[in-house]
Amino acid sequence: MPSMTAKKKCCKDKPRCKKCPVVLKRLSDAGCAERLDLRHYIVDKKVKKKVLKKARER
């Protein structure tokens with residue numbers, strides 16, 4: 001998943017989906033993604049499973 005576009009609104013699933021804006025923001029804060037603008041991100045190809053799991057939890 002090299003580049004992603006965040007959804008407009010969270011669907012409130014448990015765990016959050018990978019395209020949720022909250023998940024992409026958390027990955028950006030963890031240093032695994034780079035924010036281009038409001039909804040577009042460049043995500044590292046090798047995101048650790050632990051980091052992704054932590055970002056997706058509710």
Side-chain angles (χ1 to χ4, degrees):
M1 57 184 158
S3 66
M4 293 189 86
T5 302
K7 298 188 312 184
K8 288 185 179 182
K9 194 173 180 184
C10 181
C11 56
K12 299 190 170 117
D13 281 347
K14 188 174 182 179
R16 296 179 195 267
C17 61
K18 293 179 182 177
K19 292 184 82 174
C20 181
V22 176
V23 172
L24 291 172
K25 171 74 168 79
R26 288 178 181 173
L27 287 176
S28 176
D29 290 344
C32 296
E34 181 183 341
R35 189 174 191 169
L36 298 177
D37 58 22
L38 192 61
R39 290 179 54 207
H40 295 89
Y41 290 84
I42 295 177
V43 181
D44 292 339
K45 287 185 178 181
K46 295 188 177 182
V47 177
K48 292 185 179 178
K49 199 170 187 177
K50 276 185 168 182
V51 174
L52 188 59
K53 189 173 182 179
K54 182 72 176 169
R56 290 182 69 194
E57 75 181 10
R58 227 179 223 287

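The backbone N or O of D29 lies less than 3.5 Å from no partner atom in the side chain of R26, so there is not a single donor-acceptor pair. Between the side chain of D37 and the backbone N or O of R39 there is at least one donor-acceptor pair closer than 3.5 Å.
Rounding to the nearest 0.5 angstrom, the gap separating the SG atom in C20 from the NZ atom in K25 is 13.0 Å. Note: L24 CG to C17 SG = 8.5 Å, rounded to the nearest 0.5 Å. Annotation: the span from H40 atom NE2 to M4 atom CE amounts to 11.5 Å, rounded to 0.5 Å. Summarising the geometry, atom NZ belonging to K8 is positioned 11.0 Å from atom CG belonging to L38; distances are rounded to the nearest 0.5 Å. The distance from the CG atom of L36 to the OG1 atom of T5 is 9.0 Å, given to the nearest 0.5 Å.
The environment of NZ in K48 is sparse: at most 12 heavy-atom neighbours from other residues, nucleotides or ligands sit within 6.0 Å.
Shown here for V51 and C32, the closest heavy-atom pair between the two residues is CG1-SG, 3.8 Å. Contact between K18 and L52 at its shortest, heavy atoms only, is CE-CD2, 4.0 Å. Scanning all heavy atoms of the two residues, the minimum distance from A55 to L27 falls at CB-CD2, 4.1 Å. Contact between V43 and V47 at its shortest, heavy atoms only, is CG1-CG2, 3.8 Å.
With a 4.5 Å cut-off on side-chain heavy atoms, K12 and R58 count as touching.
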